[in-house]
Amino acid sequence: VEAMHYFITGGYVFTFNGNDNFKLKPAFMAKAVSGAPLSIDFTTNSLILLSNQVLEFSKNENRKPELNFQRFEIKNELNKIITSLSPLLENKGNNLDYECIEGEGIFVESDLVKLHQLFYNIIGNANKFTNDGVIKVKCSLKVKNADNLILNAEISDNGIGINQADIENIFDNYYQGLKLDNVSDIGVGLGLSLCKEIIELFEGNIEIQSKENVGTIVSFYLILKTA
């Protein structure tokens, strides 16, 4: 008998087994945003990312992850990643304040999929614990040397904040912290653990500052190879 697993996230129920087969169905109907449904691109891309990262952990927690390089224009891709998350924020009454990097036509050789995973998890986490607030995303780029750039990012919110005791364990696999009555989608506890792992692959670092009932600031940097 095959083991069947499931989790609920983003309003969907995922079921999957050891053969990497998975199905999904709505757990509830997402409310309309200004009379329009959630972005199809956002929904499709996000569901694929979520299912793949859970399957990756379920198959082998001792795996050795690596970056898969491809050439892309960093500003354009960051803009697409961040703006694609707007419907998720709007569905909880949150506003997105996005300050993008300066400069056009800057190409890098890096892992676009993991970059998407990183921003999806951190912004999604901020959105999860914020209602009718503001989530700010600030990105900047600077030269490290002739071959590398440094991408700095800061995601802040004015949500419920994080207990200091939880911050000490927040990067542990499956750690979910306190389950609060006003947070309906606690997730599977892989988000920030996966983010730390991804950031370390990029030879970067992540820091979290938070105060209960005030909000949270997540800052990180990545090293990107110039193309």
Side-chain angles (χ1 to χ4, degrees), residues 10 33 38-50 52-53 65-92 94-128 130 133-159 190-192 194-209 215-227:
V33 178
L38 295 179
S39 161
I40 293 175
D41 287 340
F42 160 76
T43 303
T44 302
N45 293 335
S46 299
L47 294 181
I48 291 172
L49 285 170
L50 285 167
N52 284 345
Q53 71 186 40
E66 59 185 20
L67 296 177
N68 297 305
F69 293 94
Q70 66 182 93
R71 185 176 184 270
F72 57 90
E73 203 273 313
I74 182 63
K75 182 176 182 178
N76 181 53
E77 292 299 337
L78 277 178
N79 288 348
K80 288 194 294 186
I81 290 171
I82 304 303
T83 56
S84 72
L85 292 166
S86 293
L88 177 69
L89 275 59
E90 292 171 0
N91 203 43
K92 290 195 65 184
N94 293 320
N95 293 315
L96 173 65
D97 182 352
Y98 174 42
E99 182 178 332
C100 64
I101 64 174
E102 298 180 354
E104 305 287 344
I106 301 173
F107 286 84
V108 298
E109 288 274 351
S110 197
D111 193 322
L112 183 56
V113 172
K114 286 186 173 60
L115 198 64
H116 193 156
Q117 281 183 307
L118 182 59
F119 279 95
Y120 175 83
N121 278 291
I122 294 178
I123 296 175
N125 210 57
N127 187 61
K128 183 188 302 182
T130 305
V134 178
I135 295 174
K136 298 180 180 180
V137 181
K138 181 179 180 180
C139 297
S140 62
L141 200 64
K142 67 178 183 179
V143 176
K144 176 178 172 63
N145 53 45
D147 300 317
N148 298 286
L149 301 171
I150 300 175
L151 173 64
N152 289 294
E154 181 180 284
I155 294 93
S156 62
D157 65 68
N158 56 352
L190 292 179
L192 288 176
L194 181 63
C195 287
K196 186 174 185 293
E197 180 180 273
I198 290 173
I199 288 169
E200 289 174 348
L201 287 176
F202 282 96
E203 300 180 25
N205 188 50
I206 183 171
E207 296 181 352
I208 295 181
Q209 303 173 51
T216 301
I217 301 174
V218 178
S219 55
F220 63 90
Y221 72 87
L222 311 173
I223 306 298
L224 305 179
K225 183 179 179 182
T226 55

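These numbers come from the heavy atoms of this one structure, side chains and all, not from hydrogens, waters or symmetry mates. This structure is a prediction, so every number in the text was calculated from the model and none was measured.
Between the side chains of Asn145 and Asn148, at least one donor N or O sits under 3.5 Å from an acceptor N or O.
In this structure, OH on Tyr98 lies 5.0 Å from CG on Leu78, to the nearest 0.5 angstrom. Atom-to-atom distance recorded for Cys195:SG and Tyr120:OH is 11.0 Å, nearest 0.5 angstrom. With rounding to the nearest 0.5 Å, the separation of CD1 in Ile206 from CD1 in Ile122 is 4.0 Å. In this structure, CD1 in Ile199 is found 10.0 Å from OH in Tyr221, a value given to the nearest 0.5 Å. Asn95 CG to Ser86 OG: the interatomic distance, rounded to the nearest 0.5 Å, is 9.5 Å. The NZ atom of Lys142 lies 11.5 Å from the CG atom of Leu151; values are rounded to the nearest 0.5 Å.
Proximity of a side-chain donor or acceptor of Glu73 to a complementary backbone N or O of Phe107 within less than 3.5 Å is not detected. Checking side-chain atoms of Asn121 against main-chain N and O of Leu194 turns up no donor-acceptor pair under 3.5 Å. Under the 3.5 Å distance criterion, the side-chain polar atoms of Ser219 are left unmatched by any main-chain donor or acceptor of Glu154. Using a distance-only test at 3.5 Å, with no hydrogens or angles considered, a donor-acceptor pair links the side chain of Lys92 to the main chain of Asn127. Side chain of Lys136 to main chain of Ile217: no donor-acceptor pair is present (N/O by atom type, distance under 3.5 Å, no hydrogens or angles). Remark: side-chain polar atoms of Asp157 are not paired, donor with acceptor, to backbone N or O of Gly215 under 3.5 angstrom.
In terms of heavy atoms, Asn79 sits closest to Cys100 at OD1-CB, 3.5 Å. Taking all atoms of both residues into account, the shortest heavy-atom contact from Asn158 to Gly133 is OD1-CA, 3.4 Å. Between Ile135 and Ala126, the shortest heavy-atom distance links the atoms CD1-C, 3.8 Å. Contact between Lys75 and Ile101 at its shortest, heavy atoms only, is CE-O, 3.3 Å. In this structure, Glu77 and Phe72 approach most closely via the heavy-atom pair CG-CD1, 3.6 Å. For the residue pair Gly159 and Thr130, the shortest heavy atom distance occurs at CA-OG1, 3.4 Å.
Counting only heavy atoms from C-beta outward, the side chains of Asp111 and Leu201 never approach each other to under 4.5 Å. The side-chain heavy atoms of Phe202 and Ser110, taken from C-beta on, include a pair separated by under 4.5 Å. Side-chain atoms of Ile150 and Ile223, non-hydrogen and from C-beta on, do get closer than 4.5 Å to each other. Between Lys114 and Asn68 there is a side-chain heavy-atom pair separated by less than 4.5 Å. A heavy-atom distance below 4.5 Å is not found between the side chains of Leu85 and Val137.
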Side chain to side chain contact (heavy atoms under 4.5 Å, CB included) between Leu89 and Ile123, worked out: CA-CA 9 Å; Leu89 275 59; Ile123 296 175; 3.9 Å; yes

Working for side chain to side chain contact (heavy atoms under 4.5 Å, CB included), residues Lys138 and Asn152: CA-CA 8 Å; Lys138 181 179 180 180; Asn152 289 294; over 6 Å; no

Evaluation steps, side chain to side chain contact (heavy atoms under 4.5 Å, CB included), between Leu115 and Ile74: CA-CA 10 Å; Leu115 198 64; Ile74 182 63; 4.0 Å; yes

Asn125 vs Ile155, side chain to side chain contact (heavy atoms under 4.5 Å, CB included): CA-CA, chis, key distance, verdict: CA-CA 10 Å; Asn125 210 57; Ile155 294 93; over 6 Å; no

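At most 12 heavy atoms of other shown residues, nucleotides or ligands fall within 6.0 angstrom of atom CD in Glu203.
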